[in-house]
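Take a look at the structure set out below.
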Amino acid sequence: MHPGSTISSKLPTTIRENINPAVKASAQETPLRVNVILLNWNAAADTLACLQHVAAWKQVQPHVWVVDNASQADDLAQLQAGLANLPIPCTLIPNAQNLGFAGGTNCGLRAALATDDAPLLLLNNDALLAESDIARMVATLDERPDAAVVGPALYTPGPPAKLLSAGYRDPAYHHHTLITTPPADTPVFAVDYTSGSAALIRAALLHKIGLLDEDYFFNTEVADLCQRARKAGYLTLVDLRARAYHDLERSSALRSTLYTYYLVRNRLLYIRKIYPVSAWWLGTFWAVYTLLLSIKVRLQGERATAHAIYLALVDALTGRWGGQNQRVLTACQRFLATP
């Protein structure tokens, strides 16, 4: 879904409700209702483990929208069985193809927004968020009508837990975008964008500016959303009193190729879309930087990563957006297999 598109478009007919009858009978209204959007792609065990933590929430009442991005049949079957046994409302949306983070998340957002206007929590299946932390984020969103997105501080699971990021800087102007030294004088502060691993979004924002831009497919789509929110008059905040724990090791297998490809390509897409007036000089700077980076990485012997960077640059310059998983992995695999 692209910026400005409407939320009321037709919902997928394949949405399946997996709500334990006991939950329907005992559910009560609570001021802390949250719609949780979570993606699954051949990782049912991780998804269900994450949702076990969500199911332990008592004061926060979640409705979970699980979007399966065309997983293998056995993984999808495991996911369906596990969701049916969770003591919280869960809706499964099985996609016929992998729509990436942006497209998959949009399926969940669209379905949730058609139900109510409770805050929407984007949550990775390799991230954990305690009830007290999500309650803190909801309170911050309520206390700050000028904010549309609230993120927690992200930590490694540990022990010891280590701060990964407290929000991010604008990727058009910063190479290293992670904020690892937050301000000491306030627990809540504005950032350019927050991580999609755990982000609470005001429903009114999405009704106003639309959903995630699916041209990105994976990575940088939340940065784009937060910048569109800023242009609409909203802030993106990080609340250091809320913590989420993100296990990067569980999603590290493709970081040297596929993750790198989307990170590099989507920076140039972001510049084109968010800064159209200055895109010529910002884009030129990052294109030259990317080319030199590809050469440097290749000279260091990391040929697969270098090729992923090169493909990202070529695709950005030729306007090849959206999902490129199989093409990039196939192209990079031959460099992994040769000396």
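For this chain, numbers begin at 1 and follow the sequence in order.
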### Query
Is a side-chain N or O of N124 found less than 3.5 angstrom from the main chain of A127, in a donor-acceptor match?
no

### Query
Step by step, would you call L123 with C50 a side chain to side chain contact (heavy atoms under 4.5 Å, CB included)?
CA-CA 9 Å; L123 185 64; C50 176; 3.8 Å; yes

### Task
For a ring-ring contact (aromatic ring centres under 6.0 Å, His included) with Y262, tell me which candidate from Y270, W321, F217 qualifies.
F217

### Task
Have a look at V66 and tell me which of N125, L86, L83 forms a side chain to side chain contact (heavy atoms under 4.5 Å, CB included) with it.
L83

### Task
Given side chain to side chain contact (heavy atoms under 4.5 Å, CB included), test D224 with L212 step by step and report yes or no.
CA-CA 8 Å; D224 177 284; L212 298 177; over 6 Å; no

### Task
Check whether any side-chain N or O of E221 sits under 3.5 Å from a backbone N or O of F101 as a donor-acceptor pair, and report yes or no.
no

### Query
Just by distance, do the side chain of R230 and the backbone of D192 share a donor-acceptor pair under 3.5 Å?
no

### Message
Which residues pass the salt bridge (charged side-chain N to carboxylate O under 4.0 Å, His left out) test with D116, not counting sequence neighbours?
### Response
R33

### Query
Do M137 and V36 belong together in a cluster built from hydrophobic side chains that touch within less than 4.5 Å?
yes

Would you list the atom pairs, donor with acceptor, under 3.5 Å between side chains in residues 307-319 and any protein atom, with sequence neighbours excluded?
unit_1: D315; atom_1: OD1; unit_2: R320; atom_2: NE; d: 3.4
unit_1: D315; atom_1: OD1; unit_2: R327; atom_2: NH2; d: 2.9
unit_1: D315; atom_1: OD2; unit_2: Y261; atom_2: OH; d: 2.5
unit_1: D315; atom_1: OD2; unit_2: R327; atom_2: NH1; d: 2.7
unit_1: D315; atom_1: OD2; unit_2: R327; atom_2: NH2; d: 3.3
unit_1: T318; atom_1: OG1; unit_2: V314; atom_2: O; d: 2.8
unit_1: T318; atom_1: OG1; unit_2: D315; atom_2: O; d: 3.4

#### Entry: Distance under 6.0 Å and angle within 45° of ring axis: R303 vs F335
no

#### Entry: Residue pair N40 / V67, side-chain heavy-atom distance below 4.5 Å
no

### Query
Below 4.5 Å, heavy atoms only, C-beta onward: do L121 and I134 meet side chain to side chain?
yes

### Message
Run L225 and Y216 through side chain to side chain contact (heavy atoms under 4.5 Å, CB included) and show every step you take.
### Response
CA-CA 11 Å; L225 181 77; Y216 292 96; over 6 Å; no

#### Entry: N-O pairing of K273 and D213 below 4.0 Å
yes

#### Entry: Note: R136-E143 ion pair, threshold 4.0 Å (strictly below)
yes

### Task
Let me know which of L200, L109, L38, L39 forms a side chain to side chain contact (heavy atoms under 4.5 Å, CB included) with L122.
L109

